[in-house]
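Accompanying notes for the structure given below.
Any value given below was found using the heavy atoms of this structure, including those in side chains, with hydrogens, waters and symmetry copies removed.
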Amino acid sequence: MAMAPDSALWSFVLVVGLLTLTPGIDTALILRTAALGRHRRAWGVVLGVQTGVLVWGVLTSLGLTALITASRAAYEVLRWAGVVYLLWLGGRMLVDTLRHRGSTAGDAPGEVTVRNSLGEGWRQGAFTNLLNPKVGVFYVAVLPQFIPDGAPHFTTGVLLALVHIALGLVWSAALIGCARALRVRLQSPAARRVLDRITGTVIVGLGLRLAMTG
């Protein structure tokens, strides 16, 4: 039985709203970056993640994501690319905390400039989202169910993806706002290392989990 347009929209909002609120790698990256006071980079991560959501939405609306998930070889290539990226990203954070364990100074001026770059954050967020095949599988499984019969498939699919993006932006703004309160507690290099170790461990764990789930 087909859902009415209004019913389909609000049902989709509920589903992706719950997905957005569920903690994951996106949440960890945004909180970590914003808590360190790098708000430009944090917003870069947010925009990169939402760019990935839009790409997945467009691909799904075109039917291309279904081809990727249907092809075992294509899915495995994407999955292992995601595994390698997550292990590299999380592993680099952990290694950096060990390298700077004896340091009592903050970031070097040049390093802060690079790390607080909007573009660097965008690349990190986009790669993290696009190399996660689970997002593609979710869109293939969920998005078509909320497109009413008779509605233009591509246009409606993209509009629903934009709704998902809007919810993500609102939630990300709340995360960045909350992270500001942590900044005072993270002024010392030791506190920053602890945050990086926690975030790096979470990301490595997610990479290992992706590696073990085919």
Side-chain angles (χ1 to χ4, degrees), residues 1-31 43 45-86 122 124-176 202-203 205-214:
M1 181 173 158
M3 285 190 288
D6 288 345
S7 176
L9 174 60
W10 289 112
S11 297
F12 181 77
V13 168
L14 177 61
V15 171
V16 297
L18 292 174
L19 176 67
T20 300
L21 294 175
T22 302
I25 184 172
D26 298 343
T27 302
L29 284 176
I30 293 168
L31 281 175
W43 275 109
V45 172
V46 171
L47 295 176
V49 168
Q50 301 312 323
T51 298
V53 171
L54 179 60
V55 171
W56 283 118
V58 170
L59 292 178
T60 302
S61 300
L62 291 171
L64 298 179
T65 311
L67 296 178
I68 295 174
T69 55
S71 169
R72 187 66 184 179
Y75 178 83
E76 287 298 312
V77 168
L78 184 60
R79 182 168 73 93
W80 283 106
V83 169
V84 170
Y85 178 72
L86 290 178
W122 181 88
Q124 189 178 59
F127 275 117
T128 300
N129 190 278
L130 291 173
L131 291 178
N132 186 355
K134 300 299 183 182
V135 181
V137 171
F138 171 82
Y139 262 76
V140 169
V142 171
L143 194 65
Q145 299 182 37
F146 295 96
I147 298 178
D149 290 342
H153 193 278
F154 177 77
T155 303
T156 307
V158 172
L159 289 175
L160 289 176
L162 292 175
V163 170
H164 189 183
I165 290 171
L167 292 174
L169 290 173
V170 171
W171 176 238
S172 297
L175 289 176
I176 292 174
V202 169
I203 293 174
L206 290 171
L208 293 174
R209 181 180 177 184
L210 181 60
M212 292 184 292
T213 57

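Counting only heavy atoms from C-beta outward, the side chains of Trp122 and Gln50 never approach each other to under 4.5 Å. Inter-residue side-chain proximity for Leu160 and Leu9 is flagged as met; some heavy-atom pair is nearer than 4.5 Å. Side-chain contact between Leu54 and Leu162: present, with at least one pair of heavy atoms (C-beta onward) separated by less than 4.5 Å. Residues Val84 and Leu131 are not in side-chain contact: their nearest non-hydrogen atoms beyond the backbone lie 4.5 Å or more apart.
Here the closest heavy-atom approach between residue Gly168 and residue Thr20 is recorded as CA-CG2, 4.0 Å. A pairwise comparison of heavy atoms in Pro148 and Thr156 identifies CD-CG2, 4.2 Å as the closest pair. The minimum heavy-atom distance linking His153 with Thr60 is given by the pair CE1-O, 4.1 Å. Across all non-hydrogen atoms, the minimal contact from Ser11 to Phe146 is CB-CE2, 3.4 Å.
Thr128 contributes atom OG1, which lies 7.0 Å from atom CD1 of Ile203 (distance to the nearest 0.5 angstrom). Interatomic distance, Leu14 CG to Leu19 CG, rounded to the nearest 0.5 Å: 11.5 Å. Note that OG of Ser172 and CG of Leu47 are 9.0 Å apart. Values are rounded to the nearest 0.5 Å. For the atom pair CH2 (Trp171) and OG1 (Thr27), the distance works out to 7.0 Å, reported to the nearest 0.5 Å.
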Before giving the answer on side chain to side chain contact (heavy atoms under 4.5 Å, CB included), spell out for Phe12 and Leu143 the whole-Å C-alpha distance, their side-chain angles and the decisive distance to 0.1 Å. CA-CA 8 Å; Phe12 181 77; Leu143 194 65; 3.8 Å; yes

Verify side chain to side chain contact (heavy atoms under 4.5 Å, CB included) between Ile176 and Val46, making sure each step is shown before the conclusion. CA-CA 10 Å; Ile176 292 174; Val46 171; 4.1 Å; yes

For Leu62 and Phe154: C-alpha separation, side-chain torsions, deciding distance, then whether side chain to side chain contact (heavy atoms under 4.5 Å, CB included) applies. CA-CA 6 Å; Leu62 291 171; Phe154 177 77; 3.6 Å; yes

Apply side chain to side chain contact (heavy atoms under 4.5 Å, CB included) to residues Asn129 and Val53 and explain how you reach the verdict. CA-CA 7 Å; Asn129 190 278; Val53 171; 3.9 Å; yes

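No donor-acceptor pair under 3.5 Å is formed between the side chain of Trp56 and the backbone N or O of Phe138.
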